[in-house]
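Just so we're on the same page: letters track the sequence lines, and every chain starts at 1. When reading the values below, keep in mind they use all heavy atoms of this one structure, side chains included, and skip hydrogens, waters and symmetry mates.
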Amino acid sequence: MKHTQDSEWTTVIKPRNSLFEVNLKEIWQYRDLISLFIKRNIITQYKQTILGPVWFVIQPALTVIMYMIVFGGIAGIPTDGVPRPLFYLAGTCMWQYFADCLNKTSNTFVNNAGIFGKVYFPRLSVPIADVLSGLLRFGIQFGFFVIIYIVYAFVGGSGAHFTWYALLFPVLVAMLAGLALGFGTIISAMTTKYRDLQVLFSFIVQLWMYATPIVYPLSQTNGMFWNGIAVHTLMCLNPVTPIIETFKYGFLGCGAFVGWRWLIYSFVFMVLLLTAGVVVFNRVQKSFMDTV
Amino acid sequence: MATAIEFNNISKQYRLGLVSTRTLSADLSRWWAMNVRHQEDPYLKIGSVNDRATSADSEFVWALRNIDFKVEQGDVIGIIGKNGAGKSTLLKLLSKVTAPTTGTIKARGRIASLLEVGTGFHPEMTGRENIYLNGAILGMTKSEITRKLDEIVDFAGVERYIDTPTKRYSSGMTVRLGFAIAAHLDPEILVVDEVLAVGDAEFQKKAIGKMQEVSQGEGRTVLFVSHNMGSVRNLCKNGIVLKDGMIDYVGTANDAVDFYMQMDAYDEVVSREITPQYRKPDMLLNVEFLSVAFEKGKNSFASEEPIDFTIEVKGNKDVDSFRINTTVYGMDDIPIGGVSNTTFFSIKRGEVKRLRFSLLQHHLAYGTYKVAFSVGSGNYTSGQKDYDIIRDVLTFKIVSAFVDETAGTSISQWKSSWGKIMIPSETVII
């Protein structure tokens, strides 16, 4: 029909979209798919295991015991006067969530090449579902942390005390999720072409933990300088540091609050990174099947 | 009728060889040319036609080139072509799995593609859970799936196993479930890639029935890619033949299939020396074929015209009596008819005999055919023995099929849906 208007077409497939043409509305239309992906991730993770979700608790518990022996016992690193199990558990819970999300989202294209090659759906729904389904595990681990916390509170003399900064908790988790999603999508877009990044990246995540105050308090770096720059400042440039520190300060009251300045820096970092991640991801998803 | 899909000058380029599509330097020079100097993409100028058999003279290859066509709403269009002709690439573009290099595709309505059934099935999850997951992947909402759940389970015939993990399913059950979900998608445009080649005969019938129902009853548009010419003829109204990434033929499904069938197999050869490639292996060869030829030196005939073959046979042993058979095949390898001669010959060891073999009053209709010959002895009571069988040796055309007596002219018009034989008949007033 000659009088057909372009606006009547519901689908237009073009070689390349403009850089910022991210179809968020489409992702919303596929929200049912995201919820089903979350369900799948949760159901299948511990199918045919005896202990099931108990593993969520065993993992951090063993990690904390390990840290107590290595970093607390052998290396003798202080924990700002907070009982070691609480200190390590707080850091481990938060970090594990971040690292988990990062590892999963950074392999999105490679792990899902089979489905992506056959059907179209908004590819971002996969990493989004990964980040959201990680929340269940994080929730259970956080609950475990709260139980230990209460036990210490009753026994008394823990030295840990609650501050109002703990109310930032949901924001902190959202920031971790945003950072992980942003980094993960960028890495996943790059690994479609250069597969060695996958190996490099899983290694970097391991090292990254030591650049973040998980097994030591940030206050340890007070008064230390590197080429005339305060190490404290360098540490805080790592966007994960302010988040972890605020969490610890809020729940354990240890050390000092990093300051709103750093927290806002971290937040802005997260927003920019997430935007960049989504744009790059969106760009790659159109033709990644030819490269993967 | 409105246009459902419009392909505007679609091309898709792939890079041969290396794993990664482009090197960093190619990426950079392309970026420089396009964004800084505002030129056309330099890599689109090069690239060779996608013919797998010839060696490539360029690093880039066009899987599809300048594809331009429209599909009407409610049409069922079959896309046929050899492996590597670009069929799957076309469907991939349409289902948004990958993007075209140039051109645009415009479509009206929801597109559902069935490049594979059961995509995203997780073996640990139950049939019910997988129906929801797979349905959502294909673009359905939860409430839509819930509404159709019973229908899907019923269609797939897996009611008893619906709460069992799909890893316990037989492969046939998995595929049936996958197809059932896809069949209940209700998209405006359905893209199907050979999924009918699955399941048992009963299920295939059901699947074909469902596709026909979808296209005829509900006016949906279907694009169907298959190597099964029978199902293309049965299901499709129109057909497109792709060759080396370009459109070679557009027409009705029957014509497209006929065109495709004749594309390569037909040749103008009028005489053939028999080499082992034409011969069925492991024959006794007491008598063997040396050559076959059309006696008149041409390979196109009128439908009433006898077809004479000159056949050379050689005896490797003394054989008292042998006869020659022939079978005429359509280009789709379906046998049309054959003859078993009642005349017997004898041959001595080392002797070469030339025979004329004629097909009289064959009544073959307008079209293209190929012939196979066999030489053997014996009969139905004593047991038949073939000494030599040769296939696909010669092809021929029947050019005039229909004689209009009143006009006194032959009209070469025959629809393939009428069959391959013109049955002699007469109609008189009694």
Counterpart residues, ring-ring contact (aromatic ring centres under 6.0 Å, His included), relative to Phe37(A) (two or more places apart): Phe121(A)
Ser125(A), part contacting chain B, at a heavy-atom distance under 4.5 Å: neither
For Tyr120(A), give me all partners under ring-ring contact (aromatic ring centres under 6.0 Å, His included), at least two apart in sequence or on another chain. none
Between atom CG of Leu36(A) and atom CG of Asn134(B), what is the distance when rounded to the nearest 0.5 Å? 10.5 Å
Shortest non-hydrogen contact between Lys142(B) and Ser35(A), atoms and distance: NZ-OG, 3.1 Å
Under 4.5 Å from any heavy atom of chain B - which part of Ile43(A): side chain
Residues Val97(B) and Lys118(A): closest non-hydrogen pair is CG2-C, 3.7 Å
Could you walk me through whether Lys39(A) and Leu133(B) pass side-chain contact (heavy atoms from CB on, under 4.5 Å), step by step? CA-CA 9 Å; Lys39(A) 198 176 161 199; Leu133(B) 181 65; over 6 Å; no
Under a 4.5 Å cutoff for heavy-atom pairs, which residue among Glu129(B), Met140(B), Glu188(B) has the most contacts with chain A? Glu129(B)
Chain A heavy atoms under 4.5 Å from Leu91(B): which part of the residue, side chain, backbone, both or neither? neither
Looking at Met209(A), I'd like to know if its CE atom is crowded, meaning that more than 12 non-hydrogen atoms belonging to other residues, nucleotides or ligands lie closer than 6.0 Å. yes
Top contributor to chain A interface from Thr104(B), Leu138(B), Ile137(B) [non-hydrogen pairs under 4.5 Å]: Ile137(B)
